[in-house]
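First up is the structure itself, then whatever we jot down about it.
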Number of protein chains: 2
Amino acid sequence: MSIENEIAAPHLKDDGQRHRAADDVFQHIVELIDSGVLAEGAPLPSEREISETCAVSRTVVREAVLALSNKGLIDARPGYRPIVRKANYDIAFETVDSVVSRLLMQPGGIRNLFDTRIMIEASLVRQAAVEAEKNDIAALQNALNANEAAIDDSERFYQTDIVFHAALFEVPQNPLMPAIHKAYTSWLAPQWSRMPRLPDRNRSNFIAHKEIFDAILMRDPDRAEQALRNHLAAAWTQVEQSFGED
Amino acid sequence: MSIENEIAAPHLKDDGQRHRAADDVFQHIVELIDSGVLAEGAPLPSEREISETCAVSRTVVREAVLALSNKGLIDARPGYRPIVRKANYDIAFETVDSVVSRLLMQPGGIRNLFDTRIMIEASLVRQAAVEAEKNDIAALQNALNANEAAIDDSERFYQTDIVFHAALFEVPQNPLMPAIHKAYTSWLAPQWSRMPRLPDRNRSNFIAHKEIFDAILMRDPDRAEQALRNHLAAAWTQVEQSFGED
DNA sequence: AATCTGTTTTGGTCAGACCAAACGAAGCAC
DNA sequence: GTGCTTCGTTTGGTCTGACCAAAACAGATT
């Protein structure tokens with residue numbers, strides 16, 4: 001073995017894996033964004049321009065741009081110039097959408113996801129019961145009122161239902177939480193939104209919401225958690241009755 | 001306006017957006033996978049072959065394949081034939097990695113993520129206290145013993161620390177939970193693994209673990225949660241002292 | 001059966017071309 | 001000046017065809 005093994009091999013990375021030129025361009029653009037040269041909202045240079053400055057073919061540039069788009073770092077609507085996207089928690093969940101949806105297809109997938117939701121929201125209502133502020137309570141109260149007013153309008157009830165839970169996820173003032181809620185509702189929507197809804201069910205769901213709210217008002221985390229678990233368990237039963245075992 | 005607006009416009013999608021040919025190929029391959037024509041572990045047809053059957057250029061095929069790779073549906077190591085990947089919960093988190101890491105760079109990002117971890121793990125230990133089975137307890141006990149034995153070996157202690165928490169995430173027997181734990185540890189690793197570690201700290205961390213374990217043993221969810229929160233709060237303090245405000 | 005060897009296939013990259021839609025500036029009407 | 005049309009330019013999306021090095025394969029060799 002000669003020294004050549006150390007210097008030569010332009011196609012090999014440190015770990016011996018072959019190297020894609022597109023990865024370099026990808027990295028390069030990421031650095032441009034991080035360094036602020038490309039501010040958020042700004043359009044990327046044209047593909048031809050990038051291919052010049054990076055000394056690669058447009059093919060490679062396109063691959064890099066596509067990767068950036070797939071990872072959610074830029075917003076590349078077909079036909080338009082790609083725009084640098086502001087990093088926010090929602091995109092993180094959007095980018096996994098296709099994987100998640102196939103995960104949900106496999107047996108027990110929906111139940112597994114739903115269980116994590118129960119777990120998180122249980123913790124959430126406990127926390128809310130302990131430390132919800134006045135404005136949190138007010139937001140919950142408003143959501144609850146809207147919920148009650150929509151009992152006879154199933155479509156609107158579904159919406160206010162989501163808003164009520166969303167209000168819960170706002171309590172910790174952690175920007176991740178609303179994003180998590182949004183992800184849950186969008187992923188579970190195929191089951192929930194298409195489920196037959198009746199004023200009867202709406203009413204019992206509203207009552208469940210109210211029980212959660214009351215427990216929070218009374219600063220009783222145990223009761224809040226129990227009410228939440230009852231509510232979600234009942235919701236699951238409704239789904240199960242409508243669709244069988246998914 | 002004539003009828004032509006309805007039939008013509010091969011480049012327009014329903015919503016009027018321009019359409020990428022690669023999306024069709026993408027969808028086509030996804031269907032091949034879903035229908036079982038392409039079993040998991042099986043290699044994709046060659047790019048040239050796909051370009052024939054789909055009647056598109058290889059350029060388009062490459063874009064589609066790249067997208068599949070980015071979304072984690074296939075495993076495309078450079079130079080090799082892409083392999084159909086089995087959908088599992090880990091890839092979901094892997095695919096968001098690049099977005100998450102930039103989210104963590106922004107102020108408060110790490111804290112926000114860590115707070116969600118506290119929230120989830122708090123719920124976890126409560127649940128464990130209520131319904132942990134014999135084998136769960138045994139697993140925790142083992143992890144705890146290994147943890148204690150490693151107090152004087154900081155590197156090993158870090159590993160056993162992770163294993164102890166992992167054992168907690170195994171309790172609900174929900175395949176999502178270990179994946180979540182894995183994601184947390186990998187995302188928070190830059191802070192945790194590179195933090196100065198001393199036998200003193202290790203000892204206090206071990207004690208914290210033991211308190212959690214004991215509370216679970218005693219079937220006391222409140223104490224378990226409190227112990228967990230104390231532990232994670234202390235861990236956060238350690239990180240803060242080491243790195244200042246990230 | 002294991003190893004070496006040469007041929008074929010395949011992914012990665014490039015150059016150049018074409019199209020239709022988006023962009024942008026000049027010109028026009030109000 | 002403001003708003004609108006017009007028209008050439010730029011740009012993204014797609015295609016063709018080519019080349020290279022590495023991977024896959026088949027066959028010969030030991």
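Source: prediction; values computed, not measured. Residue numbers begin at 1 in each chain, while the letters A, B, ... track the order of the sequences.
With rounding to whole Å, B/Tyr80 atom OH is found 15 Å from C/dT9 atom C1'. Per the geometry, CZ belonging to B/Arg77 stands 12 Å off P belonging to C/dG12, to the nearest Å. Atom CZ of A/Arg20 is separated from atom P of D/dA21 by 19 Å (rounded to the nearest Å). Taking atom CG of A/Asp24 as the reference point, atom C1' of C/dT13 lies 13 Å away to the nearest angstrom. Note: CG (B/Leu44) to P (C/dG11) measures 9 Å, nearest angstrom.
In this structure A/Ala183 satisfies the side chain to side chain contact (heavy atoms under 4.5 Å, CB included) test together with A/Phe93, A/Trp187, sequence neighbours excluded. B/Phe157 pairs by the ring-ring contact (aromatic ring centres under 6.0 Å, His included) definition with nothing, not counting sequence neighbours.
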Table please: side-chain donor-acceptor pairs of residues 171-181 of chain B below 3.5 Å, with sequence neighbours left out.
unit_1: B/Asn174; atom_1: OD1; unit_2: B/Leu176; atom_2: N; d: 2.9
unit_1: B/Asn174; atom_1: ND2; unit_2: A/Asn112; atom_2: O; d: 2.9

Got a list of side-chain donor-acceptor pairs under 3.5 Å for residues 63-72 of chain A, not counting sequence neighbours?
unit_1: A/Glu63; atom_1: OE2; unit_2: B/Arg62; atom_2: NH1; d: 2.2
unit_1: A/Asn70; atom_1: ND2; unit_2: A/Leu66; atom_2: O; d: 3.3

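Interface residues of residues 47-55 of chain A facing DNA chain D, ordered by number: A/Glu47, A/Arg48; criterion, heavy-atom separation under 4.0 Å. A heavy atom closer than 4.0 Å to some atom of DNA chain D occurs in B/Arg58, B/Thr59, B/Val60, these being the qualifying members of residues 58-71 of chain B.
Residue B/Pro45 is the one, among A/Val56 and B/Pro45, whose nearest nucleotide of DNA chain C lies closer to the 5' end (criterion: closest heavy atom).
Note that the NZ atom of A/Lys86 and the CD atom of B/Gln106 stand 6.0 Å from one another [nearest 0.5 Å]. For the atom pair A/Leu73 CG and A/Ile83 CD1, the distance stands at 14.0 Å (nearest 0.5 Å).
Between A/Trp236 and A/Phe114, the ring planes are parallel. Angles under 30° get that label, and only those over 60° would be called perpendicular.
Taking only side-chain nitrogens and oxygens, A/Ser57 never comes nearer than 4.0 Å to OP1 or OP2 of C/dA15. For A/Arg81, no side-chain nitrogen or oxygen approaches OP1 or OP2 of C/dA22 to under 4.0 Å.
Taking every side-chain heavy atom of B/Ser46 into account, C/dG11 is the closest of D/dG12, C/dG11, C/dT13.
Listed here is the closest heavy atom pair of A/Leu140 and A/Ala167: CD2-CB, 3.6 Å.
Side-chain N or O atoms of A/Ser123 include none that pairs as donor or acceptor with a backbone N or O of A/Ile120 at under 3.5 Å.
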